[in-house]
4 protein chains.
Amino acid sequence: MPRTAGATKARDKEARILAAAVRVFARQGYHGSTMATVAAEAGVATGTIYLYFERKQDLLVTLFQRHFNEYLERSRPALAAAPVGVERLRLLAELHLAFFAEDRALASVFQIHIREPDPVVAEGIRPSMAAYFDLIGDVIGTGVEAGAFAPDLDVRLARQVFFGALDETVTGWLRSKRTFALMSALDPVVGILARGFGAPSTGDPS
Amino acid sequence: MPRTAGATKARDKEARILAAAVRVFARQGYHGSTMATVAAEAGVATGTIYLYFERKQDLLVTLFQRHFNEYLERSRPALAAAPVGVERLRLLAELHLAFFAEDRALASVFQIHIREPDPVVAEGIRPSMAAYFDLIGDVIGTGVEAGAFAPDLDVRLARQVFFGALDETVTGWLRSKRTFALMSALDPVVGILARGFGAPSTGDPS
Amino acid sequence: MPRTAGATKARDKEARILAAAVRVFARQGYHGSTMATVAAEAGVATGTIYLYFERKQDLLVTLFQRHFNEYLERSRPALAAAPVGVERLRLLAELHLAFFAEDRALASVFQIHIREPDPVVAEGIRPSMAAYFDLIGDVIGTGVEAGAFAPDLDVRLARQVFFGALDETVTGWLRSKRTFALMSALDPVVGILARGFGAPSTGDPS
Amino acid sequence: MPRTAGATKARDKEARILAAAVRVFARQGYHGSTMATVAAEAGVATGTIYLYFERKQDLLVTLFQRHFNEYLERSRPALAAAPVGVERLRLLAELHLAFFAEDRALASVFQIHIREPDPVVAEGIRPSMAAYFDLIGDVIGTGVEAGAFAPDLDVRLARQVFFGALDETVTGWLRSKRTFALMSALDPVVGILARGFGAPSTGDPS
DNA sequence: GATGAATGAGGTTTCATTCAT
DNA sequence: CATGAATGAAACCTCATTCAT
């Protein structure tokens with residue numbers, strides 16, 4: 001039990017540091033933030049961060065992995081449970097937007113600050129991103145196979161279009177300083193994408 | 001004539017510095033690059049850069065403005081000359097992709113390094129980006145008015161989807177290290193987008 | 001205790017840095033000195049100075065304040081204990097000269113290098129200097145009130161004459177590279193000043 | 001004659017540069033001024049300054065020498081014509097104060113900026129200053145010999161007191177931002193100094 | 001003589017990272 | 001585990017001085 005408690009306490013501190021990093025990076029940018037500032041925000045000493053993370057870059061990488069893998073693992077079964085095709089595509093878009101709508105600071109870090117050309121960061125992020133692209137590809141691909149989307153749809157490109165559209169929607173939302181609710185973009189965007197992928201017009205009382 | 005010659009020579013050196021900056025930033029990233037490296041690449045002394053640019057950030061900003069405004073000014077008349085609707089949309093996508101396909105280093109800088117949270121950089125880039133979004137909005141909006149796209153299309157969102165899709169296409173192309181020709185994505189992507197915007201299915205002799 | 005010890009240690013290092021700054025500034029001048037040189041002289045890393053002082057200018061300002069305020073606080077009670085009039089004036093002059101005679105490097109910094117037109121330096125020095133002028137004014141003013149000096153003496157000007165005379169005496173001593181003992185100027189200078197202020201000729205058994 | 005005209009023109013430009021230097025140094029301090037700023041103020045190109053002055057320091061030195069030697073040469077005969085003793089001392093003080101009262105920018109440069117620890121500057125200034133101290137010493141010495149001042153007056157110290165008193169008067173005037181006319185200090189200060197040097201009380205109807 | 005673009009050495013300051021306590 | 005003082009490399013930027021025109 002003590003060991004568990006210890007491990008838990010350690011996990012807690014690590015989590016506190018990561019949460020602090022999100023807030024600080026969102027506020028000042030990755031390069032504009034110092035380890036000292038993150039430490040202060042987390043309420044720990046500067047050196048303490050290095051007990052949990054080897055380098056500054058690992059804050060960004062771990063941050064991303066923790067949140068994004070949780071998102072992936074949460075999303076996979078939910079998607080599997082949804083009907084193949086437009087509905088599943090819609091759920092994926094909903095999960096994507098909801099993920100960012102729920103935490104603006106995290107959204108800011110993910111959309112802007114994590115896109116570092118730094119090789120360590122890029123490398124640390126790549127696997128999860130690849131998994132996400134695979135997931136998107138699955139959702140679209142199964143839709144194609146089920147006849148929900150155009151049979152000649154280039155799944156590789158379609159998933160890029162899908163991700164790009166949602167990504168830019170989130171970025172635009174951040175840019176606009178919250179003048180609209182991010183989730184309000186869900187249906188129109190999915191409408192465009194689904195139609196673009198060749199789904200029969202929905203909402204159409206044919 | 002001497003003054004003209006002088007001005008020309010100055011422009012030349014400025015251009016040489018900017019070209020060097022593109023190469024260096026593409027190679028090492030903005031934060032990974034030093035003024036000394038850029039200067040060496042340009043074949044001038046470090047201090048010389050400061051005769052043409054006040055700060056390091058101005059390299060990025062000027063770089064962007066020069067290339068992107070030229071792109072905008074070149075595109076506007078070309079678009080105006082193209083038939084409203086899908087064809088004009090296709091031309092816009094073509095210009096967009098061609099712009100990046102033609103200079104990989106520049107593409108790299110535009111897609112990755114220029115997205116700096118640094119306020120000076122962000123502020124310097126905003127006007128041109130806003131103008132581009134307006135241009136995209138025009139292309140889509142005129143299409144809607146002409147009945148080429150769905151009458152209830154949300155132009156604001158549509159242009160975000162359009163930009164996001166193309167942007168991600170370019171990014172994916174950069175990520176893939178040239179395993180495919182960027183221009184080969186043009187037709188499939190435009191196909192998806194046009195259909196998504198409610199254009200009647202093209203190429204289909206149904 | 002540990003906190004006290006820590007604070008003490010910190011004070012020690014700060015003091016070591018300041019002492020090094022005095023030596024280096026005296027030797028090479030303020031503008032001729034680099035933070036690296038001061039750090040080396042203090043036996044610390046360059047960056048360490050910035051843990052104790054925000055800017056290079058603060059070295060000069062803090063240096064001055066530490067020494068001069070100590071001088072002021074030490075002098076005030078001593079002066080209050082001396083008989084009003086010439087004797088008190090003499091003590092003030094003695095304290096002034098002794099202050100510089102005791103540490104030639106410090107004298108050099110105070111007489112030459114601290115007179116920086118730099119606003120930060122000037123501003124940091126002003127309050128202590130104003131307090132000193134007030135103190136001089138008190139010594140002369142009480143003398144006037146007590147009838148020890150001419151009743152129509154302009155105290156404002158008199159204190160300027162007093163300070164100027166001593167200041168130049170110290171500067172002259174520094175210029176002369178120690179060919180005479182600074183303290184040997186005490187009695188002649190005080191003699192001139194006291195007589196000039198209207199004190200009855202002393203030592204003269206007329 | 002053309003050669004003379006050329007030399008004259010050259011002298012003019014040199015004078016313009018020096019005048020510009022006075023203004024710029026007074027405004028921004030010696031170290032806060034750049035050769036480019038001085039050149040701009042003088043209406044010449046940066047490089048032109050180097051046709052007339054070898055180094056930045058020479059601006060300060062030449063500046064000083066020009067004005068101060070003129071002051072010395074003008075003062076010597078005037079002093080010789082004045083009655084030995086208090087009157088001559090008073091004239092010297094008057095010339096000194098008038099010299100500064102007439103050009104505030106020059107006063108600022110002389111009182112503050114010229115006191116550079118820089119060896120080139122210090123060396124360039126020394127001879128003129130030594131000559132001035134000799135002159136002061138002459139005025140006081142002849143007074144002593146003539147019985148106008150105390151026979152046991154230490155001329156070396158007295159001239160230091162004299163110079164220090166006037167110097168601080170000018171500095172105080174500069175510090176006070178002109179709240180009083182510098183010349184108004186002449187009589188009180190000379191009164192103190194003359195009495196201090198052992199002159200029989202003046203204005204006293206003994 | 002005059003210009004002003006170019007040079008490049010050099011300084012202040014920052015900050016990721018370490019390590020003695 | 002935690003601390004935070006210390007490190008020192010590195011970078012941006014300035015500016016006195018030069019020199020081709």
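Letters A, B, ... mirror the listed sequences (proteins, then strands); counts begin at 1. This structure is a prediction, so every number in the text was calculated from the model and none was measured. Side-chain atoms are counted along with the backbone in the values below, which use heavy atoms only and exclude waters and symmetry mates.
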_Tell me whether the count of non-hydrogen atoms from other residues, nucleotides or ligands lying under 6.0 Å of CD in D/Glu54 goes above 12._
no
*Round to the nearest Å and state the distance from C/Asp58 atom CG to E/dT13 atom C1'.*
13 Å
_Rounded distance (Å) that lies between atom C1' of F/dA6 and atom CD1 of C/Ile17_ = 11 Å
Using nucleotides 14-18 of chain E, report all nitrogen or oxygen pairs with the protein that are shorter than 3.5 Å.
from   : atom 1 : to      : atom 2 : distance (Å)
E/dA16 : OP1    : A/Ser33 : O      : 3.4
E/dA16 : OP1    : A/Lys56 : NZ     : 3.1
E/dA16 : OP2    : A/Met35 : N      : 2.8
E/dT17 : OP2    : A/Tyr50 : OH     : 3.1
E/dT17 : OP2    : A/Lys56 : N      : 3.0

*Sole residue of C/Gln57, C/His31, C/Lys56 in side chain to side chain donor-acceptor pair (under 3.5 Å) with C/Asp118*: C/Gln57
*Looking only at atom types and distance, does a side-chain atom of A/Tyr30 sit under 3.5 Å from a main-chain N or O of A/Ile112, one as donor and one as acceptor?*
no
*Of C/Ala45 and A/Lys13, whose closest DNA chain F nucleotide lies nearer the 5' terminus?*
A/Lys13
*asked:* Whole angstroms only, please: what is the CG-C1' distance between D/Leu51 and E/dG4?
replied: 12 Å
*Has the side chain of B/Ser33 got a donor or acceptor atom that lies under 3.5 Å from a matching backbone atom of B/Gly29?*
yes
*Applying salt bridge (charged side-chain N to carboxylate O under 4.0 Å, His left out), run through C/Glu41 and C/Arg16 and close with a yes or a no.*
CA-CA 9 Å; C/Glu41 176 90 19; C/Arg16 256 173 53 209; over 6 Å; no
_Output the rounded distance in Å from CZ (B/Phe53) to C1' (E/dA6)._
15 Å
*Applying a 3.5 Å limit to both distances, which nucleotide forms a Watson-Crick or G-U wobble pair with E/dA20?*
F/dT3
*Atom-to-atom span, CG of A/Asp12 to C1' of F/dC1 - whole angstrom*: 15 Å
_Counting C-beta onward and ignoring hydrogens, is there a side-chain heavy-atom pair between B/Phe64 and B/Val121 closer than 4.5 Å?_
no
*How is D/Tyr52 classified with respect to the nucleic acid when contacts are heavy atoms under 4.0 Å: base, sugar-phosphate, or nothing?*
sugar-phosphate
